[in-house]
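Contents: one structure, followed by commentary.
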Amino acid sequence: MNEIIKSIEAAQLKSEIADFKVGDTVKVSAKIKEGNRERVQVFEGTVIKRQGGSNRETFTVRKNSNGVGVEKTWPLHSPSVVGIEVVRLGKVRRAKLYYLRDRVGKAAKVKELVK
């Protein structure tokens, strides 16, 4: 890759990112723009995938809201993502947890990793 592109991408990387992996339950604080106001909204759910690398890396979080599954995908180094807080660690053996989409209730839970 071109050195100019590498330097631009390196400048866009965030220095402090929470250490989380697929299966963890996280709280993502994201900036939401409503008209001329900006506020921070928290989205809590299970990380079902991480993909990409460098400043193009994205992650997807899934939660159940009123019986309906909701998934949101964010770029990891986006300025709209204010912070990521790990609530609990999950014990999984897959890189992508797409199978959670078909499950409802307690079957959609991920085991907690106890250390």
Side-chain angles (χ1 to χ4, degrees):
M1 205 179 334
N2 195 348
E3 294 300 319
I4 298 170
I5 296 172
K6 282 185 181 177
S7 65
I8 292 171
E9 287 183 353
Q12 294 174 347
L13 293 176
K14 286 186 178 178
S15 58
E16 294 180 18
I17 294 175
D19 186 29
F20 68 97
K21 59 187 184 329
V22 174
D24 293 349
T25 302
V26 295
K27 285 184 181 178
V28 182
S29 303
K31 288 183 189 173
I32 303 291
K33 189 160 185 153
E34 294 174 335
N36 57 356
R37 298 183 331 123
E38 235 183 43
R39 66 184 180 89
V40 175
Q41 186 175 39
V42 177
F43 188 89
E44 182 176 350
T46 305
V47 179
I48 63 167
K49 75 175 174 179
R50 278 183 79 162
Q51 67 181 18
S54 185
N55 70 332
R56 296 184 183 99
E57 186 172 358
T58 61
F59 65 101
T60 302
V61 179
R62 178 180 177 85
K63 75 172 182 177
N64 247 352
S65 179
N66 297 326
V68 179
V70 179
E71 290 183 11
K72 284 191 177 184
T73 303
W74 290 279
L76 189 61
H77 297 282
S78 171
S80 65
V81 175
V82 177
I84 302 168
E85 177 190 344
V86 178
V87 178
R88 57 186 279 245
L89 301 174
K91 181 181 178 185
V92 293
R93 297 170 69 180
R94 300 281 177 272
K96 307 276 195 282
L97 304 181
Y98 297 142
Y99 65 88
L100 291 179
R101 293 173 176 163
D102 302 328
R103 301 199 177 177
V104 183
K106 283 190 176 180
K109 298 225 178 207
V110 174
K111 287 185 180 178
E112 187 169 2
L113 183 65
V114 180
K115 288 188 176 181

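In this chain, numbering begins with 1 at the start of the sequence shown. Note that the structure is a prediction, hence the values are computed from the model and not measured.
In plain terms, the two heavy atoms of Val40 and Ser29 that are nearest each other are CG1-CB, 3.7 Å.
Separation of atoms NZ (Lys109) and OG1 (Thr25) is listed at 8.5 Å; rounding is to 0.5 Å. Here CZ of Arg101 is found 13.5 Å from CZ of Arg103. Values are rounded to the nearest 0.5 Å. To the nearest 0.5 Å, the span separating CD1 on Ile84 from CD1 on Ile17 amounts to 7.0 Å. Atoms OG and CD, from Ser65 and Glu44 in turn, are 12.0 Å apart once rounded to the nearest 0.5 Å. Atom-to-atom distance recorded for Thr60:OG1 and Trp74:CH2 is 9.0 Å, nearest 0.5 angstrom. Here Glu71 contributes atom CD and Tyr98 contributes atom OH; the two are 8.5 Å apart, rounded to the nearest 0.5 Å.
With a 6.0 Å radius and a threshold of 12 heavy atoms from other residues, nucleotides or ligands, Ile32 has its CD1 atom above the threshold. Counting heavy-atom neighbours within 6.0 Å of Arg94 CZ, excluding the residue itself, gives a total of 12 or less. The number of heavy-atom neighbours closer than 6.0 Å to NZ of Lys21, taken from other residues, nucleotides and ligands shown, is above 12.
Within the 4.5 Å cutoff, the side chain of Val28 has heavy atoms near those of the Val81 side chain. Within the 4.5 Å cutoff, side-chain heavy atoms of Glu9 are placed close to those of Arg56. The side-chain heavy atoms of Ile48 and Val22, taken from C-beta on, include no pair separated by under 4.5 Å.
Figure legend: Lys63 and Phe43 shown as a cation-pi pair, the cationic atom lying under 6.0 angstrom from the six-membered ring centre and within 45 degrees of its axis.
Under the 3.5 Å distance criterion, the side-chain polar atoms of Arg50 are matched with a main-chain donor or acceptor of Phe20. Checked by atom type and distance alone, the side chain of Lys91 never pairs as donor or acceptor with a backbone atom of Val110 at under 3.5 Å. Side-chain N or O atoms of Ser78 include none that pairs as donor or acceptor with a backbone N or O of Pro75 at under 3.5 Å. In this structure a side-chain-to-backbone donor-acceptor pair under 3.5 Å is present from Asp24 to Gly90.
Val26 and Val70 fall within the same hydrophobic cluster, where Ile, Leu, Val, Met, Phe, Trp and Tyr residues are linked whenever their side-chain heavy atoms come under 4.5 Å apart, directly or through other members. Under a hydrophobic-cluster definition in which Ile, Leu, Val, Met, Phe, Trp and Tyr are linked whenever side-chain heavy atoms come within less than 4.5 Å, directly or via other members, Val61 and Leu113 are assigned to the same cluster.
A salt bridge links Glu34 to Arg39: at least one charged side-chain nitrogen sits closer than 4.0 Å to a carboxylate oxygen.
When each of Lys14, His77, Gln12 is paired with Asn55, the side-chain hydrogen bond (donor to acceptor under 3.5 Å, both in side chains) condition holds for Gln12 and for no other.
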